[in-house]
Amino acid sequence: MKEKELRRSLAVLPIGTVMKLANLTARQIRYYEEQDLIHPERNAGNRRMFSLNDVDRLLEIKDYLADGINMAGIKEIYAMQKQKAQQKEADLARPLTDNDVRRILHDEFLNIGGLKAKDGPEYPTH
DNA sequence: CTTCTCACA
DNA sequence: TGTGAGTA
């Protein structure tokens, strides 16, 4: 399920295609970018290139707007989602994972057997 | 022809 | 948000 995410993140759609897929004018799409609600890439010719994720995001923005939420409000929503995403990584990195424990035990085993590990232990110090 | 930025009789 | 100008 990793390859799929990669494809959805590939910026290959020009603004014209996105306009049709999201039913938005180029003006609106560019304005939303100006408001940092979306961050399309730019090609060699300075043309905006969108990914399928960008299209989904534009659809979301349109829904929020339809529900009466303004640019600032939508920004807050995405800001909180980003915070929670980062918090989740922190909580996940804190405790030693099963793989960390395995590697630690493995290193111990090598030391006990008199076989020194080629590379020094590199399990998370954080 | 499509997209870009800038500006507003 | 729309729209026209002048580009690339």
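Proteins get letters first, then strands, A, B, ... in listed order; numbering begins at 1 in each.
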For this session: May I have the distance from A:Gln28 (atom CD) to B:dC4 (atom P), rounded to whole angstrom?
Result: 15 Å

For this session: With a 3.5 angstrom cut-off on both distances, give the Watson-Crick or G-U wobble partner of C:dA8, or none if there isn't one.
Result: B:dT2

Exercise. Looking at C:dA8, B:dT5, B:dA7, which one has an atom nearest to any side-chain atom of A:Arg27?
Worked result: B:dA7

For this session: Indicate, with a heavy-atom threshold strictly under 4.0 Å, whether A:Gly16 touches base, sugar-phosphate, or nothing.
Result: sugar-phosphate

For this session: Using only side-chain N and O atoms of A:Arg48, determine if any of them is under 4.0 Å from OP1 or OP2 of B:dC4.
Result: yes

Problem set entry | Exercise: do A:Tyr78 and A:Glu60 side chains pair donor with acceptor under 3.5 Å | yes

For this session: Tell me, with the steps shown, if A:Glu33 and A:Arg48 meet salt bridge (charged side-chain N to carboxylate O under 4.0 Å, His left out).
Result: CA-CA 10 Å; A:Glu33 175 189 31; A:Arg48 275 169 261 256; 2.2 Å; yes

For this session: Would you tell me if any nitrogen or oxygen in the side chain of A:Tyr32 comes within less than 4.0 Å of OP1 or OP2 on C:dT1?
Result: yes

Problem set entry | A:Ile15 side-chain proximity, nearest of C:dT1, B:dT3, B:dT5 | B:dT3

Exercise. For A:Arg8, does the CZ atom have more than 12 heavy-atom neighbours from other residues, nucleotides or ligands under 6.0 Å away?
Worked result: yes

For this session: Under a 3.5 Å limit for both distances, which nucleotide forms a Watson-Crick or G-U wobble pair with C:dT1, could you say?
Result: none

Exercise. Are side-chain N/O atoms of A:Asn43 and A:Arg47 paired as donor and acceptor at under 3.5 Å?
Worked result: no

Exercise. With a 3.5 Å cut-off and just heavy-atom distances, do the side chain of A:Arg30 and the base of B:dT5 make a donor-acceptor pair?
Worked result: no

Exercise. Do any side-chain nitrogens or oxygens of A:Thr25 fall under 4.0 Å of OP1 or OP2 in C:dT1?
Worked result: no

Seminar exercise, completed: Among B:dC4, B:dT3, C:dG2, the one nearest any side-chain atom of A:Pro14 is B:dT3

